[in-house]
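Structure record follows, encoded as structure tokens.
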Amino acid sequence: MIQRIQSLYLLVSSLFYFNYWFFGMEWFKKGFLILKDILAQITIPEFIFVIISFIPLLIVVLCLASILLFSNRPLQYSLSRLAFGLSLFMCLFSVFYFYNVLQDLIEIMPSKTLEFSMYAAILNPFICSYLIYLAMNSIKKDDDLVRSLNRIR
């Protein structure tokens with residue numbers, strides 16, 4: 001299970017997204033309030049905040065489920081592809097979100113360490129998307145290898 005490289009990619013990606021969700025929720029709430037003030041002419045419902053705030057946790061669950069389904073490669077690939085799509089959404093959302101609220105969040109940061117972690121949070125979805133992409137390629141290569149071995153028999 002963990003000896004495969006795609007399991008390692010998915011595990012690292014799920015750990016990064018869990019940290020992104022667990023440690024960034026407080027700052028996400030503050031940034032969402034700033035974003036609502038900036039976009040005052042557009043009413044943003046609260047349920048959108050709840051949905052977007054739990055997407056990283058959903059990606060964690062999908063990556064971990066994909067690791068556990070190592071024996072069922074088509075399902076593992078489908079779950080990884082779904083996690084990749086959600087991760088790309090998080091990339092786009094992070095660009096939009098941090099473009100609008102980064103300066104205001106940096107002004108209320110109490111330390112340089114948290115400011116550095118804010119910059120790391122900007123890069124996190126991009127790194128995780130790349131890791132999930134690498135995992136998908138590895139799963140596909142494994143599936144192709146197994147199918148080619150079945151043809152020889």
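None of the values given here were measured: they were computed from a predicted structure.
Under the rule for a side chain to side chain donor-acceptor pair (under 3.5 Å), the partners of Tyr20 that lie at least two apart in sequence or sit in another chain are Ser94. In terms of the ring-ring contact (aromatic ring centres under 6.0 Å, His included) criterion, residue partners of Phe22 (sequence neighbours excluded) are, by chain and number, Phe18. With sequence neighbours excluded, the residues forming a side chain to side chain contact (heavy atoms under 4.5 Å, CB included) with Phe54 are Trp21, Val50, Leu57, listed by chain and number.
Of the possible donor and acceptor atoms, none in the side chain of Arg147 sits under 3.5 Å from a partner among the backbone N and O of Asp142.
Looking at every heavy atom in both residues, Leu64 comes nearest to Ser14 through CD2-OG, 3.6 Å. Across all their heavy atoms, Ser7 and Ile67 have their closest contact at O-CD1, 3.6 Å. What you find for Tyr77 and Met136 is that their closest heavy atoms are CE1-O, 3.6 Å. Residue Gln6 comes nearest to Ser138 through the heavy atom pair OE1-CB, 3.4 Å, listed as atom of the first residue, atom of the second, then distance.
Partner of Phe16 under the side-chain contact (heavy atoms from CB on, under 4.5 Å) criterion, out of Val60, Asn124, Leu11, Leu123: Asn124 alone.
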- Message: Assess the residue pair Leu131 and Ile127 against the criterion (side-chain contact (heavy atoms from CB on, under 4.5 Å)); give the C-alpha distance rounded to whole Å, side-chain angles, the decisive distance to 0.1 Å, and a yes or no.
- Response: CA-CA 6 Å; Leu131 289 173; Ile127 294 169; 4.2 Å; yes
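The CG atom of Asp144 lies 12.0 Å from the CD1 atom of Ile139; values are rounded to the nearest 0.5 Å. Taking CG from Asn137 and CD1 from Ile5, the interatomic distance works out to 12.5 Å, rounded to the nearest 0.5 Å. For the atom pair CG (Leu134) and CG (Leu10), the distance works out to 10.0 Å, reported to the nearest 0.5 Å. Here CG of Leu62 is found 10.5 Å from OG of Ser13. Values are rounded to the nearest 0.5 Å. Atom CG of Leu86 and atom SG of Cys91 lie 11.0 Å apart (nearest 0.5 Å). Note: Leu82 CG to Leu58 CG = 7.0 Å, rounded to the nearest 0.5 Å.
The side chain to side chain donor-acceptor pair (under 3.5 Å) pairs that include a residue from residues 79-89 are Tyr17-Ser87, Ser66-Ser80, Ser87-Ser129, where partners are two or more places apart or lie in different chains. A salt bridge (charged side-chain N to carboxylate O under 4.0 Å, His left out) check over residues 6-25, counting only residues at least two apart or in different chains, returns nothing.
Using a 4.5 Å cut-off between side-chain heavy atoms of Ile, Leu, Val, Met, Phe, Trp and Tyr, with links allowed through other members, Phe89 and Val61 fall into different hydrophobic clusters.
The shortest side-chain heavy-atom distance between Ile132 and Cys63 falls under the 4.5 Å cut-off. Side-chain atoms of Ile52 and Phe93, non-hydrogen and from C-beta on, do get closer than 4.5 Å to each other.
The hydrophobic cluster around Phe126 extends to Val95, counting ILVMFWY residues whose side-chain heavy atoms fall within less than 4.5 Å of a member.
The neighbour count for Tyr133 OH, taken as heavy atoms of other residues, nucleotides or ligands under 6.0 Å away, does not exceed 12.
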